[in-house]
Amino acid sequence: MKDSPNPNNNTESTPGPDFIRARIAADNLSGRFNSRVHTRFPPEPNGYLHLGHSKSICLNFGVAAEFNGKCNLRLDDTNPTKEEVEYVDSIREDVRWLGGNWEDREFYASDYFEKLYGYAEQLIKLGKAYVESLSADEIREYRGTLTAPGRESPWRNRSVEENLELFRRMRAGEFKDGEYVLRAKIDMSSPNVVMRDPAIYRIRHADHHRTGAKWCIYPLYDFAHCLSDSIEGITHSLCTLEFENNRELYDWILDTLGVYHPQQIEFARLNITHTILSKRKLIQLVQGGYVRGWDDPRMPTLSGLRRRGVPAEALKEFCARIGMSRADSTVEYSFLEFCIREYLNAVDPRIMAVLDPIKVTIENYPEGETEIFDMPYHPEDPAFGKRQVPFSREIYIERDDFRLEAPPKYHRLAPGKEVRLRYAYFITCKDVIKDENGNVKEIVCTYDPKSRGGESPDGRKVKGTIHWVSAAQARRVTVRLYEHLFNTENPNAVEEGKTFLDYVNRDSLREIEALMEPAPAENTEMKQVQFERLGYFCRDKDSTPELPVFNRTVTLKDTWAKMEKKFLPKNA
RNA sequence: UGGGGCGUCGCCAAGCAGGUAAGGCAACGGGUUUUGGUCCCGUCAUUCGAGGGUUCGAAUCCUUCCGCCCCAGCCA
């Protein structure tokens, strides 16, 4: 691979800063937060990071870098029953992969459990929190509805002393799960349901992946998040739109406690067609065996994309290009593919591989002879170097590059037609050999010895150039071809009685045996390449010395396929 | 029927102390090309969810309406 291109150096039309950067710039100018910028990326370690998180990672770490600030990595681990170390490990790896550098600031909400507990007691002492005896069902009933106000709990006016005692006994483990809960005392008739005395601490007799059995009460998101931000001195707490209603509570807790108060700003979360971006649903794909794991190359997880061969740089470029706004939006999957191709085109060496081989015998080529061609790894950039490719009397070409009857504008091989074998010779189809079912199993050609290298001295033009491998020296490789994981554009929109799982594309993985030219097949250092005319591929970790495995990251743009479809809509 | 948001080209998205619609992707047309790839050139919103109003002038201000999203976890 060569050095990365720099797509950000076009000075022609740099879009203005997005609304978040504009607000931060304004705060900087006014001296708010002492003109400091400090963000955080705060995932819960309850699953693997995905495309949606990359938007947040690029935003938070990007903003910090642009404003000469800092960005923390914070694992929001307040729910021990859902969180695992496997997930925190993957999160650290994925964020690092995307270039997020949190230096020594790797924090955990669980680091603050003691402090958080102290704040909760403080809230009680302020008369702003109380221990609730109602059951979960009763609390729900008392909460009212979206249109009707709630009712106050009969336990709402316990004395501070009683609340304190009860809360301490909660911590001491004297009660069962669900027996009590600590609630903020705010306003049961607030039009914002979030403010109707939200629960801030619950009892959970469960081991926590970091604090073990030390705690049996755990703070809830609304209580832990704002205070964690406050403790870390975050200036701008960036989160997705669904937390907008929670901002009032975020502000209330901080103001009531009188502590340092960051600014929460919400942005629209990322949606992409043909995929699902929800940890809750992704985990079902993994556990239901729909994919081969969190890092299955079909998964929209960062580990899946990485294994698929998507470079971090392409993902960052994608995030930069989709922009930032507060409008719900769904980005086309093909836009991601464009960003991947754009990057890989500049960086990947070209090689030849045949995915669906059909044999070609060149009848006038001397039997038993082999010659070696030096071929550039990149047609436009000699710095990529060259490799040697053997040529002989028997070769394989792509089945799709031959037609018994050539459709209009077909530039490839057909009876009587001449094509160029890339960097080798012109060949002309003279005959075909069919099997007992009448299917073509071999093509017989002649070659023009004077066209060596792929150019004829008589200046004769051939429209088609096809790729090939020499039969005797070709290496067997496994190739995995991927399609969309879902066969619908929006797997979130399900028909009555169905779930998103009913839309999983069962043909999203096709594993085939292919043939590759020898040099790059043997060079295990060559991690990602372009198979000429086919797409970008990367070496998978399942590779063995005997049998390399390649994943198709993305196909090349295929204008011919589009044309053929248009001209012959119902054909073949 | 409560509250909070959002609606600019097929998809993203600038523009919003009013001055007469950036850019990218896609699409379409053309050129270069030993990848039907890349690259290059060109076309692509008289209109900004709809209707009223203010104004010399509105996507930007006012107003009414319509549509979509979020909130009734002891999830985050």
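Throughout, protein chains are lettered first and strands after them, A, B, ... in sequence-line order, and every chain is numbered starting at 1.
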Side chain to side chain, A:His467 and A:Phe531, heavy atoms closer than 4.5 Å: no

Sugar-phosphate only, base, or nothing, as touched by A:Phe19 at under 4.0 Å among non-hydrogen atoms: nothing

Between P of B:rG36 and CH2 of A:Trp560, the distance in whole Å: 11 Å

Residues that A:Phe223 engages under ring-ring contact (aromatic ring centres under 6.0 Å, His included), provided they are two or more places apart: A:Tyr201

Set of side chain to side chain donor-acceptor pair (under 3.5 Å) partners for A:Tyr221, sequence neighbours left out: none

Contacts of A:Glu66 that satisfy side chain to side chain donor-acceptor pair (under 3.5 Å) - sequence neighbours left out: A:Arg21

Sugar-phosphate only, base, or nothing, as touched by A:Arg204 at under 4.0 Å among non-hydrogen atoms: sugar-phosphate

Side-chain N,O (A:Ser329) to OP1/OP2 (B:rA13) below 4.0 Å: yes

Sugar-phosphate, base or nothing in reach of A:Glu380, heavy atoms under 4.0 Å: base

Interatomic spacing from CD in A:Glu174 to OH in A:Tyr180 - rounded to 0.5 Å: 9.5 Å

Under-3.5 Å donor-acceptor pair between A:Arg533 side chain and B:rG36 base: no

Secondary-structure stems, RNA chain B, at least 3 Watson-Crick or G-U base pairs under 3.5 Å: B:2-7 with B:66-71, B:10-12 with B:23-25, B:27-31 with B:39-43, B:49-53 with B:61-65

Phosphate-side-chain proximity, A:Ser325 and B:rA13, N/O vs OP1/OP2 below 4.0 Å: yes

Euclidean distance, atom CG of residue A:Asn492 to atom P of B:rC70 [Å, nearest integer]: 10 Å

Rounded distance in Å - CE (A:Met195) to P (B:rC70): 22 Å

Sequence-distant partners of A:Tyr218, side chain to side chain donor-acceptor pair (under 3.5 Å), two or more places apart: none

Syn or anti for B:rA72 (syn when the glycosidic angle lies within 90° of 0): anti

Sugar-phosphate, base or nothing in reach of A:Tyr218, heavy atoms under 4.0 Å: nothing

Touch class at under 4.0 angstrom, heavy-atom based, for A:Ile322 against every strand present: sugar-phosphate

Touch class at under 4.0 angstrom, heavy-atom based, for A:Thr81 against every strand present: nothing

Glycosidic class, syn or anti, of B:rG73 using a 90° window around 0: syn

ring centroid sep under 5.5 Å plus plane angle under 30, A:His411 with B:rG36: yes

Presence of salt bridge, A:Glu517 and A:Arg387, under 4.0 angstrom: yes

Counterpart residues, side chain to side chain donor-acceptor pair (under 3.5 Å), relative to A:Glu337 (two or more places apart): none

A:Arg202 side chain near B:rC75 phosphate (N/O to OP1/OP2, under 4.0 Å): yes

Sugar-phosphate only, base, or nothing, as touched by A:Asn246 at under 4.0 Å among non-hydrogen atoms: base

5'-most by nearest nucleotide on RNA chain B - A:His225 or A:Gly144: A:Gly144

Touch class at under 4.0 angstrom, heavy-atom based, for A:Pro149 against every strand present: nothing

Pairing residues for A:Glu244 by the salt bridge (Lys or Arg N to Asp or Glu O under 4.0 Å) criterion, not counting sequence neighbours: A:Arg326

Sugar-phosphate only, base, or nothing, as touched by A:Ile351 at under 4.0 Å among non-hydrogen atoms: nothing

Minimum-distance nucleotide (side-chain atoms of A:Thr78 versus B:rA76, B:rU35, B:rG36): B:rA76

Touch class at under 4.0 angstrom, heavy-atom based, for A:Leu220 against every strand present: sugar-phosphate

Sugar-phosphate only, base, or nothing, as touched by A:Arg350 at under 4.0 Å among non-hydrogen atoms: base

Euclidean distance, atom CZ of residue A:Phe223 to atom C1' of B:rC75 [Å, nearest integer]: 17 Å

A:Met324 and A:Phe19, any side-chain heavy atoms less than 4.5 Å apart: yes

Reading 5' to 3' through nucleotides 24-30 of chain B, protein heavy-atom contacts under 4.0 Å coded B for base, S for sugar-phosphate only, - for none: SS-SS--

Under-4.0 Å side-chain N/O to phosphate OP1/OP2 contact, A:Arg269 with B:rC70: no

Test: A:Arg74 and A:Glu232 ion pair at under 4.0 Å: yes

Given RNA chain B, 5'-ward residue of the pair A:Phe243 and A:Arg422, judged by closest heavy atom: A:Arg422

Contacts of A:His209 that satisfy ring-ring contact (aromatic ring centres under 6.0 Å, His included) - sequence neighbours left out: none

From B:rG37, B:rC74, B:rG2, nucleotide with atom closest to A:Thr559 side chain: B:rG37

Any residue meeting ring-ring contact (aromatic ring centres under 6.0 Å, His included) with A:Phe373, in chain and number order, not counting sequence neighbours: A:Phe391, A:Tyr425

Partners passing ring-ring contact (aromatic ring centres under 6.0 Å, His included) against A:Tyr48 (at least two apart in sequence or in another chain): A:Tyr87, A:Trp294

Per-nucleotide protein contact string for nucleotides 3-9 of chain B, where B marks a base within reach and S marks sugar-phosphate only (heavy atoms under 4.0 Å, - for neither): BSSSS--

Nearest-angstrom distance from the residue atom CG of A:Asn271 to C1' of B:rC70: 13 Å

